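Please read the structure below before turning to the comments.
Labels below follow one simple rule: chain letters A, B, ... track the order of the sequence lines, proteins then strands, and each chain is numbered from 1. Note that the structure is predicted; figures quoted are calculated from it, not measured.
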Number of protein chains: 2
Amino acid sequence: MGRRSLHTAEELRELIISASTELIQEAGLSGLSAREIARRINYSPGTLYNSFENLDDLVLTIEGRLLDRLIEALAAVPAGGDPRERVHALASCYLAFAARNPKLWNLLFEHHVPVAQGVPDSYQQKFEALMAIIEDALRPLAGARGDDDIKRSARVLWAGVHGISSLSAADKLSIIAADDAGALMDDLVRNYLNGFEAARSQAGS
Amino acid sequence: MGRRSLHTAEELRELIISASTELIQEAGLSGLSAREIARRINYSPGTLYNSFENLDDLVLTIEGRLLDRLIEALAAVPAGGDPRERVHALASCYLAFAARNPKLWNLLFEHHVPVAQGVPDSYQQKFEALMAIIEDALRPLAGARGDDDIKRSARVLWAGVHGISSLSAADKLSIIAADDAGALMDDLVRNYLNGFEAARSQAGS
DNA sequence: ACCTGAACACCGTTCAAGT
DNA sequence: ACCTGAACACCGTTCAAGT
């Protein structure tokens, strides 16, 4: 049939992205397929490849947007007030974000990009931006500690928070009941920060 | 052609399991396919379905064996000595286990079983056994705390340890360099235990 | 320039037919 | 009883052909 031009290139791109996002929300990464996307937007499968290099490229685009939304949500957590409370608030914001859309969130950890393709730089930058938010929240609690210590603690806390939310979202290992996740998160942050603050005057460890 | 009986049912089952495990080690879950397994063991694809219900059943079997091996490794960590050192030793044993075979390890978190099928009970039991090891290691540090506190802390620590090892294995988010994972793990355990021990005499939180 | 649809090389799973 | 191989309903991706 040839050209239709019902949509501009940008419109088509958005159409593909939103159909894919819905598909993932419904059925996870394994439920995503180029042919099913095409069916839903009423184009032929080949058309997708005008907008994206391949499915990995599409998925990476969706992941980028997801990270943007998370950064936005974390940035909206009010500053000021008790520094410890702020860390707790950031952690529960993260948990809530992941819980709001588990299948979409899982994408970030399920989806592996072929080594040849590689991850876009923008990706790494978004994670740096994320870490910067946590680092800033830790700084008031760091006492005489240097930036290296803060950086490390931000990563440790992030990993811990991620571990809890990932295990509570995992269907298989119901070690962490979903409704316990909040309590576990608070326990982690509280105990870790206790240790972090207690050691604030010491050099090295 | 019909029956061949080159292998007993058990032998065939093991053949399938080991070919699949190798395939996963090479190319991850997405590299696993019934047809490729069949090619490698020189049987037709249909034969797999005499030994396993479907691919999910096969993968769950592999995951079960993996958990058995982890429990074995953790159980071999020497008891006695400084209780805090023991927790550190368990954490690095876990990390080393995951790092030794990242793709196989990732299976546990990438592979989602359809809700209809459900996870075998043996699975849940293995996780309980895992948690019991960590709980036992925490008990000497728990002071007057009750079992609920110990249970919760075991889960929090496990989630944290899992978070670090999962992020360091993720190709995409190179927030945690693989060679830093050990240092982060030590930081987590040290600070968390500091908080855990400091609060030991307090009631509630 | 944009889009189609056939084509190619793959999947998981089932099941009649053969030994 | 055990195994095959064709069959069915799917994939991702490419690309000549059409408008």
Quiz prompt | Upstream residue (5' side of DNA chain D) when H7(B) and A34(A) are each assigned their closest nucleotide | solution = H7(B)

Quiz item: Do NZ/NE/NH1/NH2 and the carboxylate oxygens of K151(A) and D148(A) come within less than 4.0 Å?
Solution: no

Quiz item: L48(A) has an atom CG; how far is it from atom C1' of dG5(C), in whole Å?
Solution: 14 Å

Practice problem: Under 4.0 Å between any heavy atoms, over every strand shown, what does L12(A) touch: base, sugar-phosphate, or nothing? Just pick one. | Solution: sugar-phosphate

Self-check item: Residue whose closest nucleotide on DNA chain C lies nearer the 5' end, E53(B) versus L6(A)
Solution: L6(A)

Quiz item: How is S33(A) classified with respect to the nucleic acid when contacts are heavy atoms under 4.0 Å: base, sugar-phosphate, or nothing?
Solution: sugar-phosphate

Quiz item: Tell me: CG of N54(A) to P of dC10(C), nearest whole Å?
Solution: 18 Å

Exercise. Would you check if the distance from the ring center of F109(B) to the ring center of H162(B) is below 6.0 Å?
Key: yes

Quiz item: Hey, are the side chains of F196(A) and Y192(B) touching, using non-hydrogen atoms and a 4.5 Å cut-off?
Solution: no

Quiz item: What's the CG-P distance between L29(A) and dC11(D), to the nearest Å?
Solution: 14 Å

Quiz item: Nearest-Å distance, OH (Y49(A)) to P (dT4(C))?
Solution: 14 Å

Exercise. In whole angstrom, give the distance that lies between atom CG of L58(A) and atom C1' of dT13(D).
Key: 14 Å

